[in-house]
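This is a predicted model, so every value here is computed, not measured. Note that ligands are numbered from 1 as they come in the structure, with each ligand's atoms numbered from 1 the same way.
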Amino acid sequence: MAFQDWMKQANLIGGEWVGADSGETIDVTNPVDGSVIGTIPKGGKAETERAISAATEAFPGFRDMSLMDRCNLLWRLHDALMDNQKELAELLTVEMGKPMAESMGEIAIGAQYVRWFAEEARRAKGEIVPAGVNGRRILVTKHAIGVVGMITPWNFPSSMLARKVAPALAMGCTVVAKPATATPYSGLAWGALCEEAGYPKGVMNVVTGSAKDISKAMMESFAVRKITFTGSTEVGKELMRGAADTVKKVSMELGGNAPFVVFDDADIDKAIDGAMVSKFRNAGQTCVCANRIYVQAGIHDAFVAKLKARTEAMKVGDGREDGVEQGPMIDMDAVEKVEDFVADAKAKGGEIVTGGDRHEKGGTFFQPTIITGATQDMKFAHEEIFGPIAPVFKFETEEEAIRLANDTVYGLACYAYTSDLGRAFRLNEGLQYGMIGINSGLITTVEAPFGGVKESGLGKEGGSQGLEDYVETKYVCIDGI
Ligand SMILES: NC(=O)C1=CN([C@@H]2O[C@H](COP(=O)(O)OP(=O)(O)OC[C@H]3O[C@@H](n4cnc5c(N)ncnc54)[C@H](OP(=O)(O)O)[C@@H]3O)[C@@H](O)[C@H]2O)C=CC1
Ligand SMILES: O=C(O)CCCC(=O)O
């Protein structure tokens, strides 16, 4: 097979691949050169309402399927992903731009989420709780929440859907998914993969088109009992307001502004490895990317010298070329946003150690960049960069580092490098984040609950906690025993 075989240019609604009612389409481009690679339907309210009806109809049958049958379907979905890993990865790189090695990893972690939740579903246990009075028993049982609306971003177009779809299907929920318009094919491929695995019609539906119209239809529908979203904090807040009208459960994986703190006692080479992966993975377009690198004064200059050497050695180019470590940015808006961060830092006294400009490859390529002399009044101290800019701040004490690291409305991931065990515990207790990497710059894994605090969101994806978001608990009181 070729990647084009997975490139579905239609929506999946109730088991049928269909266009928009209007026949209108949207072009999808390759960010490497802006060339059109295909089109998708410009769906909206009516198409979404039909998808919700299909999911609503499919729900009771799917919910009541035996647990083992549901788990077996997930295993087949896992195999479909891994059997087609290379083609799905190439499709991802062509529409999104990230290097093939990262796309291969993204498909693999998506498959791991499916496998993990196939295993976890068998442990979705309820409880029998001791009652306070005689003659009474208290049972707590878990039930699939119902139809789930999913809205996902362009930066991880396959794995962001994986960690929503897998627990939903594991618990017997049905799905209406809306992938990002810039990278819709990896999302549509989940429809094709579910077909291949043998899911009943209507269990998995995928609609593309107007974000506002599709999300409005989801929000207004009483049948949609849960909304799960990954994307910007701004849109997340809007969706939370919309969900209030029908009191839907919400999960929000929103923006981050991760501090990456390196203490004098750290293993500097390990810290550099961690900073490289945390900062430059996916060209910095990751919600858990290091956004602010705080380095203690004693090792600041040595750290910057090593980071510069590694950054300048990075190969930038088309993600499909061998050895490329950084692809293009998603679009011109993203490039302009990054340029604005650089200009702001320069105007406030920041020094460009390397990079700082558009890349000679043109288009949306941007140079991997390091800025030293970063201060809390620079824009990136408070906003998500979402690009290959590494601002380095200097600090003196542990207390100062914790205070600066927490100086943000975000609270998704943070990182700290130290060889002092006591300090590691103090950091864990002091840093206001949902996830912390101690001596690690790459922490995403299926076994652990991914999610933020403060304005970085609500709910967890992955881990045993990842199932809870797709479950209603019911309390049964049995009296007169
Ligand atoms: N936490 C994370 O992982 C992510 C964070 N971001 C942050 O957000 C910034 C902007 O990126 P962007 O892609 O615009 O992120 P958005 O939050 O706008 O997009 C994410 C998803 O939400 C959809 N969407 C957009 N507007 C609405 C709306 N009003 N109602 C419902 N759904 C909507 C998008 O659809 P469509 O594609 O059709 O517009 C897409 O499917 C980035 O620079 C980054 O800072 C972005 C992506 C992921
Ligand atoms: O950027 C995101 O929204 C999720 C990051 C997933 C990962 O760390 O692989």
In terms of relative ring orientation, are Y294 and F393 parallel, tilted or perpendicular, with 30° and 60° separating the classes? tilted
Tell me whether the NZ or CZ atom of K164 lies within the 45° cone about the ring axis of Y113 and under 6.0 Å from its centre. no
Taking [atom] as the reference point, the nearest protein heavy atom with its distance:
atom: atom 13 (O) of ligand 1; answer: W154 NE1, 2.6 Å
atom: atom 7 (C) of ligand 2; answer: T444 OG1, 3.3 Å
atom: atom 39 (O) of ligand 1; answer: A211 CB, 4.1 Å
atom: atom 6 (C) of ligand 2; answer: M160 CE, 3.7 Å
atom: atom 2 (C) of ligand 2; answer: C287 SG, 2.8 Å
atom: atom 31 (C) of ligand 1; answer: S215 OG, 3.2 Å
atom: atom 34 (C) of ligand 1; answer: K178 NZ, 4.1 Å
atom: atom 40 (C) of ligand 1; answer: T152 O, 3.4 Å
atom: atom 47 (C) of ligand 1; answer: P153 CB, 3.5 Å

Side-chain ion pair, E339 and R358, N-O less than 4.0 Å: yes
Looking only at distance, does R281 have an N or O less than 3.5 Å from an N or O of ligand 2? yes
With atoms numbered from 1 as shown, which atoms in ligand 2 lie under 4.0 angstrom from a non-hydrogen atom of T230? 3 (O)
Is there a side-chain contact (heavy atoms from CB on, under 4.5 Å) between E384 and T233 once you walk through the steps? CA-CA 10 Å; E384 192 171 28; T233 296; 6.0 Å; no
Looking only at side chains, do E95 and S186 share a donor and an acceptor under 3.5 Å apart? yes
